[in-house]
Amino acid sequence: MITLYSKATSNGRKASIMLEESGLEYTVRPMALEKKEQKEDWYLKINPNGRVPCIVDDDGPGGETVSVFESGAILQYLAEKSGKFLPKDGAGRIEVINWLYFAAGHITHTGLCVHWQVRNRDTGKEHAHLDMWQEENNRVYGVLDRGLEGRDYLAGELSIADFAAYPWIYRYDMQEIDLDLYPNVQAWLKRIGERPAVIRGLQIPPRDDDF
Ligand SMILES: N[C@@H](CCC(=O)N[C@@H](CS)C(=O)NCC(=O)O)C(=O)O
């Protein structure tokens with residue numbers, strides 16, 4: 001059985017969406033980030049990075065227990081285990097890997113920087129780099145918009161690349177992005193956002209604020 005250690009944050013949601021989409025059996029262990037549970041010794045043993053999400057699979061390769069602790073690696077692991085959302089070989093697989101790394105690098109990092117700078121500004125703290133990160137974020141949305149030209153999904157077919165990108169991009173309002181500038185992204189957000197498994201995954205584990 002797979003155990004998901006997570007909170008419904010942008011990175012956590014990548015894993016919960018994929019678990020819902022894949023149909024794999026799993027249980028959830030909610031993590032209290034505000035109590036710094038992710039920095040406790042027991043958790044650092046399964047995720048040395050001390051962040052969420054992380055999964056532990058007691059039926060990993062060869063029946064061994066494995067832990068997987070980067071959201072991109074979790075998506076790839078679950079795709080390979082379920083045989084869904086990542087072609088086994090060929091050009092289609094390369095296309096998914098391209099966009100998966102783009103999401104894990106550019107989208108996630110830029111989204112996180114904008115997020116914290118906006119939060120700092122709104123609570124009166126230092127946010128001197130907000131303009132710079134918002135400019136970079138617009139560049140990232142531009143790349144996505146070009147990539148989605150003539151396509152329904154980032155790699156052509158629905159894939160883990162879409163699940164890696166969606167939980168950050170659907171927070172475009174918090175990032176103060178004018179979505180009208182990116183019509184292909186707008187259509188893609190609607191397409192992904194209507195999927196029942198995505199709707200469920202966004203709320204796992206449930207949280208009582210509207211983050
Ligand atoms: N590179 C990591 C980033 C994970 C990450 O930053 N998670 C945040 C929530 S979105 C977290 O756990 N923050 C709590 C902390 O920094 O202690 C991944 O993609 O899984």
Side-chain angles (χ1 to χ4, degrees), residues 2-22 24 26 28-57 60 66-81 85-86 96-120 122-123 125-127 129 133 136-137 140 144 154 159-175 177 192 198 201-211:
I2 295 168
T3 304
L4 168 68
Y5 298 80
S6 194
K7 175 154 180 146
T9 63
S10 295
N11 289 312
R13 284 169 170 144
K14 298 176 192 174
S16 48
I17 286 174
M18 178 56 184
L19 281 161
E20 287 296 310
E21 286 280 0
S22 67
L24 289 166
Y26 72 104
V28 187
R29 163 61 164 87
M31 293 292 292
L33 299 189
E34 63 289 352
K35 293 185 185 151
K36 299 278 174 231
E37 221 182 352
Q38 72 278 20
K39 312 296 182 199
E40 292 176 8
D41 285 347
W42 68 271
Y43 185 71
L44 293 175
K45 284 197 180 99
I46 57 172
N47 180 356
N49 195 28
R51 292 189 170 195
V52 297
C54 174
I55 59 168
V56 174
D57 184 2
V66 289
S67 65
V68 191
F69 65 84
E70 271 292 310
S71 56
I74 293 172
L75 291 174
Q76 184 169 348
Y77 179 82
L78 296 174
E80 284 166 355
K81 187 172 174 101
F85 306 116
L86 174 64
V96 174
I97 297 292
N98 279 338
W99 286 107
L100 180 65
Y101 276 73
F102 181 78
H106 287 289
I107 295 176
T108 297
H109 185 62
T110 311
L112 199 65
C113 289
V114 171
H115 179 97
W116 282 113
Q117 293 275 304
V118 167
R119 275 205 172 172
N120 281 356
D122 294 350
T123 51
K125 293 186 197 145
E126 169 64 45
H127 61 279
H129 302 296
W133 283 113
E136 171 62 5
N137 209 26
V140 166
L144 277 179
L154 285 171
S159 76
I160 51 173
D162 299 293
F163 305 149
Y166 183 80
W168 281 105
I169 303 301
Y170 102 112
R171 304 294 319 279
Y172 65 89
D173 54 342
M174 172 276 288
Q175 298 161 17
I177 288 282
I192 305 277
V198 171
L202 289 174
Q203 305 301 333
I204 296 172
R207 50 188 292 177
D208 47 19
D209 51 18
D210 64 352
F211 180 85

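Heads up: numbering here begins at 1 and tracks the sequence. Atoms within a ligand are numbered from 1 in the order they appear, just like the ligands themselves.
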J.: Report the member of Glu70, Arg51, His115, His109 with the shortest heavy-atom distance to atom 11 (C) of ligand 1.
T.: Arg51

J.: Under a 4.0 Å N-O cut-off, is there an ion pair linking Arg29 with Glu37?
T.: yes

J.: Need the ligand 1 atom indices (1-based, order shown) with element for anything under 4.0 Å from a heavy-atom of Ser71.
T.: 18 (C), 19 (O), 20 (O)

J.: Compute the centroid of each ring, for Trp133 and then for His115, and state whether the two points are separated by less than 6.0 Å.
T.: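 Between His115 and Trp133, which both carry aromatic rings, the centre distance is not below 6.0 Å.
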
J.: Kindly give the heavy-atom pair with the smallest separation between Lys14 and Ala164, and that separation in Å.
T.: CE-O, 3.3 Å

J.: So, does Thr108 sit close enough to ligand 1 that a heavy atom of it is under 4.0 Å from the ligand?
T.: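 The answer is no: ligand 1 sits nowhere under 4.0 Å from a heavy atom of Thr108.
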
J.: What are the two closest heavy atoms between Gly201 and Ser16, and how far apart are they?
T.: O-OG, 2.8 Å

J.: Suppose I only count heavy atoms of Pro53 and a 4.0 Å limit; which atoms of ligand 1 are within that range?
T.: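 Result: 20 (O).
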
J.: Distance under 4.0 Å to a non-hydrogen atom of Thr9: what atoms of ligand 1 satisfy this?
T.: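 Reading through ligand 1 atom by atom, the close ones are 9 (C), 10 (S).
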
J.: Side chains of Leu19 and Val28, heavy atoms from C-beta outward: is any pair under 4.5 Å?
T.: no

J.: Under the criterion side-chain contact (heavy atoms from CB on, under 4.5 Å), which of Asn47, Leu4, Leu33, Asn11 is the partner of Val52?
T.: Leu33

J.: Run the contact test for Ala104 against ligand 1 with a 4.0 Å cut-off on heavy atoms, strictly below, and give the result.
T.: no

J.: Would you please determine whether Lys39 falls within less than 4.0 Å of ligand 1 on a heavy-atom basis?
T.: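 Contact check Lys39 vs ligand 1: positive.
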
J.: Counting non-hydrogen protein atoms only, what is the nearest one to atom 8 (C) of ligand 1? Give residue, atom name and distance.
T.: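 Nearest protein contact, heavy atoms only, for atom 8 (C) of ligand 1 is Val52 O, 3.9 Å.
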
J.: Residue-level breakdown please: for Lys36 versus ligand 1, do any non-hydrogen atoms fall below 4.0 Å on the side chain, on the backbone, on both, or on neither?
T.: neither

J.: Any idea which atoms of ligand 1 are less than 4.0 Å away from a heavy-atom of Gln38?
T.: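 Near Gln38, the atoms of ligand 1 are 14 (C), 15 (C), 17 (O).
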
